[in-house]
Amino acid sequence: MPRGAPRIRPSPITSSVDLEQDGVQHGFLKLPYSRDDSAWGAVMIPLAVIKRGAGATALLTGGNHGDEYEGPIALMKLASALDAQRLRGRVIIVPAMNYPAFRAGRRTSPIDARNMNRVFPGRPDGTVTEKIADYFQRTLLPVADVVVDIHSGGKTLEFVPFAAMHRLPHKEQEARGIAAVEAFNAPYSVMLLEIDNVGMYDTAAEEMGKVFVSTELGGGGTARAATVAIAERGLRNVLIHAGILDEPRQTHPSVWLAMPGDDCFVTAEGAGLLEPCVDLGAKVRAGEVVARIHDPERTGSTAVEYRARIDGILAGRHVPGLAQSGDCLAVVAVPRG
Ligand code: ZN
């Protein structure tokens, strides 16, 4: 196909369930992937569609990064719990978008080393991760009205639990996003200014005019009871907000935070033994030491201090006990009036 020609190649992915059929369907997105241990094999990505009649469509995803667990847990539970008779509209659930990464417990796919959240719009004739992205881009996102993508920090980051949206050029779309984030009702709500948004699922959905809610609900390569509960409550709250579920909404106070720019991030400039000096959720002042990196090879050397660049609260931190140069050590977010 010549460069610049319209892309009309069909997706190699087929769905074992009918997106238009009423009722509860549990099935798979089947992506052919022939390999040494499975000639003519396929990647089977779990999918649930719960639908009753006409109404809004919610597309709910987790496992965009494979080492983040609140999304897959809450979505597996939601797929089993939703009763089609009590819905109006449709809920499409994919608990682990980057299924090969999820099964490997890795952020990126073990098949092609691609980060799902950097390959959009994907390619029908690309790598496994690109083919999955293309299916979302051309088949699932277009039918959705509201999209929730549950992230956590993964193995190398941990966050205070928040739902997030991006600053958007269209203020009406931005307002719908703010309303959906408030509906999700995590302990914190964040307005993100994305510095590297090329290839993100978020950007793909937003460019189609969809209401898009993302989250960071914890991290460290595991889930906690409290953060799973936040994911479960938030997903139901968004379905209620979209008019798909009719039940009382549980709400708690949420604090709006902003991450206004690069000043929010504290980055390691050397490797070593990481000493966290402030815990998640604590207030920090500009200039305050938030972490130290100690020389792991000898006693008697001076630790390198890392300081917050702005006033705010510690919203994110590096997790493993050892740090390398370039690691995101701390994220400071600013409470909004
Ligand atoms: Zn993630």
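Atoms considered below: every heavy atom in the structure, side chains included; atoms not considered: hydrogens, waters and symmetry mates. Sequential numbering from 1 along the given sequence is applied to the chain's residues. Both counts, for ligands and for their atoms, begin at 1 and track the order of listing.
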- Report the protein N/O/S neighbours of the Zn ion (ligand 1) that fall below 2.8 Å; do not count waters. His65 ND1, Glu68 OE1, Glu68 OE2, His151 ND1
- Is the shortest heavy-atom distance from the side chain of Ile92 to the side chain of Leu47 under 4.5 Å? yes
- Do Asn185 and Thr251 have a side chain donor and acceptor closer than 3.5 Å? no
- Query: Can you find a pair of side-chain heavy atoms, one from Val198 and one from Thr203, that are under 4.5 Å apart?
  - Reply: no
- Message: Holding to side chain to side chain donor-acceptor pair (under 3.5 Å), I want the full list of residues that pass it with Tyr99, two or more places apart in sequence or in another chain.
- Response: Arg103
- Got Leu245 and Arg236 here, is their nearest side-chain heavy-atom distance under 4.5 Å? yes
- side-chain hydrogen bond (donor to acceptor under 3.5 Å, both in side chains), paired with Asn64, selected from Asp202, Asn117, Asn115: Asn117
